[in-house]
Protein chains: 2
Amino acid sequence: MRISDLSRQSGVPVATIKYYLRERLLRPGTPTARNQAEYDASHLQRLRLIRAFTNIGQLDLSSVRELIEATEDEDLPLPKLYEVVNRALFPGHHVPGDPDGLARAWLEVTNFIDGLGWRVELDAPGRDTLAHVRAALVRLGCESEMEFFTPFAAAAERLAVLELSLVPTESTVADRAAAVVRTVLFEVALAALRRLAHEHYLTQREELTYPLAPAVA
Amino acid sequence: MRISDLSRQSGVPVATIKYYLRERLLRPGTPTARNQAEYDASHLQRLRLIRAFTNIGQLDLSSVRELIEATEDEDLPLPKLYEVVNRALFPGHHVPGDPDGLARAWLEVTNFIDGLGWRVELDAPGRDTLAHVRAALVRLGCESEMEFFTPFAAAAERLAVLELSLVPTESTVADRAAAVVRTVLFEVALAALRRLAHEHYLTQREELTYPLAPAVA
């Protein structure tokens with residue numbers, strides 16, 4: 001197909017496709033004439049992948065590039081692939097000041113992770129993020145017990161095991177791409193479901209407290 | 001305290017504090033001399049709140065302003081407060097093209113939410129986000145069954161009920177602020193925990209498949 005068809009089918013403007021081509025996020029098409037090239041289903045799939053990462057996963061293009069390169073590098077072991085995903089997804093937190101609070105939070109988080117029996121790298125971005133969350137909650141006086149994270153960890157564990165069961169040990173590039181897509185998109189889905197659950201249960205509770213209409217006997 | 005102390009204690013540069021003052025995200029201090037004002041613990045707390053939202057929650061300042069205003073508006077019912085939070089947290093997805101796929105996904109998501117027994121607004125941002133995730137998964141050929149969301153919904157439900165149990169029905173501004181902070185920060189924490197669980201279980205699995213060292217008999 002021509003670039004205009006690729007644009008129509010993917011919903012990505014031609015100018016953006018040309019930008020992705022220049023940035024080598026998209027492989028060049030097969031030249032058919034001066035200033036004209038033929039694209040195929042693999043280009044369409046790649047565009048959909050880029051758009052899912054940028055529009056839904058809110059990733060920037062350099063993270064998208066890193067993710068795609070890691071996905072296609074079949075020599076990269078799966079745990080390393082997930083490390084790349086984690087780095088791409090955590091933007092890094094710059095909270096100057098309060099280094100004491102952060103150091104304390106980091107230790108609490110590390111004890112908590114050890115208590116779960118999870119073995120993760122000391123510099124895993126998730127550990128750092130959790131320490132920042134913990135430090136902020138303490139600073140803001142919102143939550144005093146580290147144990148409040150326990151049900152969140154239990155939920156995360158169940159879901160992670162389920163997701164990984166879909167990733168074969170001997171994975172193809174397609175398997176790896178699907179694993180990365182799920183990691184990015186299910187995070188967004190989980191957040192959306194949690195907010196929907198908030199809305200439902202809160203509305204239900206308020207109606208019980210202040211019934212909208214008198215109950216019919 | 002003076003603005004320099006406020007800066008030191010919060011870790012926020014003086015220039016940024018002045019910017020927040022101009023933008024009315026921070027209440028002015030009490031004037032003590034020309035070009036000098038006195039700040040108190042409430043200013044420090046507000047700065048910490050802004051930083052938690054921007055640095056950890058990755059929100060922009062206009063969303064932060066909306067959140068703070070809604071939190072302090074005691075006439076706003078709790079469900080409305082959560083609606084404001086949800087709007088602030090979902091950046092809105094612009095996926096042009098494939099409107100059919102999106103419309104189909106929206107119906108599937110709506111059936112799924114109905115099946116859970118959740119009553120949420122038709123225009124709830126979470127519903128829209130979930131439809132975009134679903135449409136992207138289908139487009140990318142990653143997941144064919146809507147049922148895969150079920151354990152995610154179950155986890156979201158458990159956590160939401162737990163979180164809401166911390167929010168009193170007769171809530172003060174402080175209760176409401178804590179509820180908003182938790183909603184933003186626990187989302188980040190949950191994502192971090194899920195990634196850590198991925199890392200742990202994946203490493204464990206790879207070691208079982210390819211032992212790092214021969215087992216000692």
Side-chain angles (χ1 to χ4, degrees), chain A residues 10-11 48-49 51-52 55-56 58 78-79 82 86 91 93-98 118-120 124 126 129-130 132-133 136-137 139-140 142 149 151-153 155-157 159-162 164 169 178 181-182 185 187-203 206 209, chain B residues 10-11 48-49 51-52 55-56 58 78-79 82 86 91 93-98 118-120 124 126 129-130 132-133 136-137 139-140 142 149 151-153 155-157 159-162 164 169 178 181-182 185 187-203 206 209:
Chain A
S10 64
R48 287 174 171 160
L49 191 66
R51 295 307 250 192
N55 280 331
I56 306 179
Q58 302 287 315
L78 266 182
Y82 274 80
N86 286 352
H93 309 290
H94 304 286
V95 185
D98 192 29
W118 292 359
R119 284 179 305 150
V120 289
T129 297
L130 212 52
H132 276 94
V133 169
L137 288 170
R139 267 198 303 274
L140 291 164
C142 283
F149 284 112
F152 287 82
E157 188 163 287
L159 299 175
V161 168
L162 190 72
L164 291 180
T169 306
V181 164
R182 277 194 301 264
L185 294 192
E187 175 169 317
V188 178
L190 179 58
L193 286 164
R194 175 170 160 265
R195 275 5 124 47
L196 290 169
H198 278 161
E199 182 175 333
H200 168 65
Y201 283 98
L202 197 57
T203 307
E206 297 284 308
T209 317
Chain B
S10 63
R48 286 175 171 159
L49 191 67
R51 295 306 250 191
N55 280 329
I56 306 178
Q58 304 285 317
L78 267 182
Y82 274 81
N86 286 353
H93 310 289
H94 305 288
V95 185
D98 191 28
W118 292 359
R119 283 180 304 150
V120 289
T129 297
L130 212 52
H132 276 95
V133 169
L137 287 170
R139 265 198 303 273
L140 291 163
C142 283
F149 284 112
F152 288 81
E157 187 163 286
L159 299 175
V161 168
L162 191 71
L164 292 180
T169 306
V181 164
R182 277 195 300 265
L185 294 192
E187 175 170 319
V188 178
L190 180 58
L193 286 163
R194 174 170 160 264
R195 268 24 114 44
L196 290 169
H198 277 160
E199 183 175 334
H200 168 64
Y201 282 99
L202 198 57
T203 307
E206 297 283 308
T209 317

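Convention: sequence-line order gives letters A, B, ...; per-chain numbering from 1. These values consider heavy atoms only, across backbone and side chains, with no hydrogens, waters or symmetry-generated copies.
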What's the spacing between [X] [atom1] and [Y] [atom2] if we round to 0.5 Å?
X	Y	atom1	atom2	answer
A:Leu185	B:Thr129	CG	OG1	11.5 Å
A:His198	B:Leu159	NE2	CG	8.0 Å
B:Phe152	A:Leu162	CZ	CG	6.0 Å
A:Leu137	B:Arg48	CG	CZ	13.0 Å
A:Ile56	B:Leu130	CD1	CG	10.5 Å

Taking all non-hydrogen atoms of both residues, which atom of [X] and which atom of [Y] are closest, and how far apart?
X	Y	result
A:Glu199	B:Ala124	OE1-CB, 3.5 Å
B:Ala52	A:Leu140	CB-CD1, 3.9 Å
B:Gly126	A:Leu196	C-CD1, 3.9 Å
B:Ala197	A:Ala156	CB-O, 3.9 Å

(message) With a 4.5 Å cut-off on side-chain heavy atoms, are B:Glu187 and A:Arg195 touching?
(response)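 Side chain of A:Arg195 against side chain of B:Glu187, heavy atoms only: contact under 4.5 Å found.
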(request) Give the member of A:Tyr201, A:Trp118, A:Phe149 that has the highest number of heavy-atom pairs under 4.5 Å with chain B. (result) A:Trp118
(request) Could you have a look at A:Leu49, A:Val120, A:Val133 and say which one has the most heavy-atom pairs with chain B under 4.5 angstrom? (result) A:Val120
